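Quick caveat: nothing in here was measured; it's all calculated off a predicted structure. Remember, it's 1-based here, ligands and their atoms both numbered in the order they're listed. Only this structure's heavy atoms are used, side chains among them; waters, hydrogens and symmetry mates stay out.
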Amino acid sequence: MSERTLSIIKPDAVERNVTGAILKMIQDEGLKVVAMKMIHMTKEQAQGFYAVHRERPFFDSLTDFMCSGPVVVSVLEGDGAIARYRKLMGATNPENADEGTIRKQFALDVEKNSVHGSDGVETAAVEISYFFNRLEMVG
Ligand code: ATP
Ligand code: MG
C-alpha cells in the first residue's frame, strides 16, 4: 500500500555536505520525493517536533542539536514507505547499523545520526503536517 513518511536530514549531515548523497540513497531505494525544503528550526520548533521524547534524558541535548543548523525535510512516498525508509536509515545507534544503511555510512553517534524517519502511519501524518501544508506537496 502506498504510504508517505517524513524524512529529516539532520544538521550533522547538512553541515558535512552529504545531503545529495543521502537523497541519492533515498531515490535509489525507489522512494519518491513529493515535498522538500531546507529550514533552520528554533529550539521551540525542535521541542515541538520531538515532544514525544520530552521526558527522556537526552531531550535537551537532542533539541539543541536539531536547531544547531539547517535541516532538509522531505516527504517520501511509495509502497511500504515507512518501513522501507526505516530499514534504509539503519539502527538509531550507528554502531548497530547494518552495512548499506544511511546511518552506517554517515552517522557520527547515537544523537548525531544524520536522518530521521517516521515510525508509524499515525506519527507520519502528524509529522508531515508539522512541516508541510497541502500546497507544498505534489500529488
Ligand atoms: P528518529 O526518531 O530521529 O528517526 P529513531 O526513531 O531511530 O530516530 P528515537 O528513539 O525516536 O530513534 O530517538 C530520536 C532521536 O533522539 C534519535 O534519532 C537520536 O538523534 C536521539 N537519541 C536517541 N537515543 C539517544 C541517546 N541514548 N542519546 C542521545 N540521543 C539519542
Ligand atoms: Mg523516532
Who's closest to [atom] heavy-atom-wise, of [options]?
atom: atom 8 (O) of ligand 1; options: His116, Arg103, His53, Arg86; answer: Arg103
atom: atom 16 (O) of ligand 1; options: Leu62, Val52, Asp12; answer: Leu62
atom: atom 26 (C) of ligand 1; options: Phe65, Phe58, Phe49, Phe59; answer: Phe58
atom: atom 17 (C) of ligand 1; options: Asn113, Asp109, Val115; answer: Asn113

Subject >> Result of checking Leu23, Ile22, Asn17 against Thr19 for side chain to side chain contact (heavy atoms under 4.5 Å, CB included) >> reply: Leu23

Original post:
What residue and heavy atom of the protein are closest to atom 20 (O) of ligand 1, and at what distance?
Top reply: Glu111 O, 2.9 Å

Subject >> Nearest protein heavy atom with distance in Å, relative to atom 7 (O) of ligand 1 >> reply: Thr92 OG1, 2.5 Å

Please classify the [X] to ligand 1 contact at 4.0 Å (heavy-atom distances, strictly less than): side chain, backbone, both or neither.
X: Glu127; answer: neither
X: Lys112; answer: neither
X: Met66; answer: neither

Original post:
About how many Å separate CD1 of Ile9 and OG of Ser74, when rounded to the nearest 0.5 Å?
Top reply: 6.0 Å

**OP:** Evaluate the side-chain proximity of Ile39 to Val71: yes if any heavy-atom separation is below 4.5 Å, no if none is.
**Re:** yes

Original post:
Taking the side chain as C-beta and beyond, is there a heavy-atom pair between Arg16 and Leu108 under 4.5 Å?
Top reply: yes

Original post:
Under the 3.5 angstrom rule, does the side chain of Glu29 hit a backbone N or O of Ile26 as a donor-acceptor pair?
Top reply: no

Original post:
Counting N and O atoms only, with roles assigned by atom type, does the side chain of Arg103 sit under 3.5 Å from a partner on the main chain of Ser114, one being a donor and the other an acceptor?
Top reply: no

**OP:** Among Glu44, Lys43, Arg54, find the one that has a side chain to side chain donor-acceptor pair (under 3.5 Å) with Thr63.
**Re:** Lys43

Original post:
With under 30° as parallel and over 60° as perpendicular, where do the rings of Phe49 and His116 fit, or are they tilted in between?
Top reply: perpendicular

Original post:
With a cut-off of 4.0 Å, which atoms of ligand 1 are near a heavy atom of Gly117?
Top reply: 4 (O)

Original post:
At a 4.0 Å threshold, what atoms of ligand 1 neighbour a non-hydrogen atom of Val110?
Top reply: 19 (C), 20 (O), 21 (C), 22 (N), 25 (C), 26 (C), 28 (N), 29 (C), 31 (C)

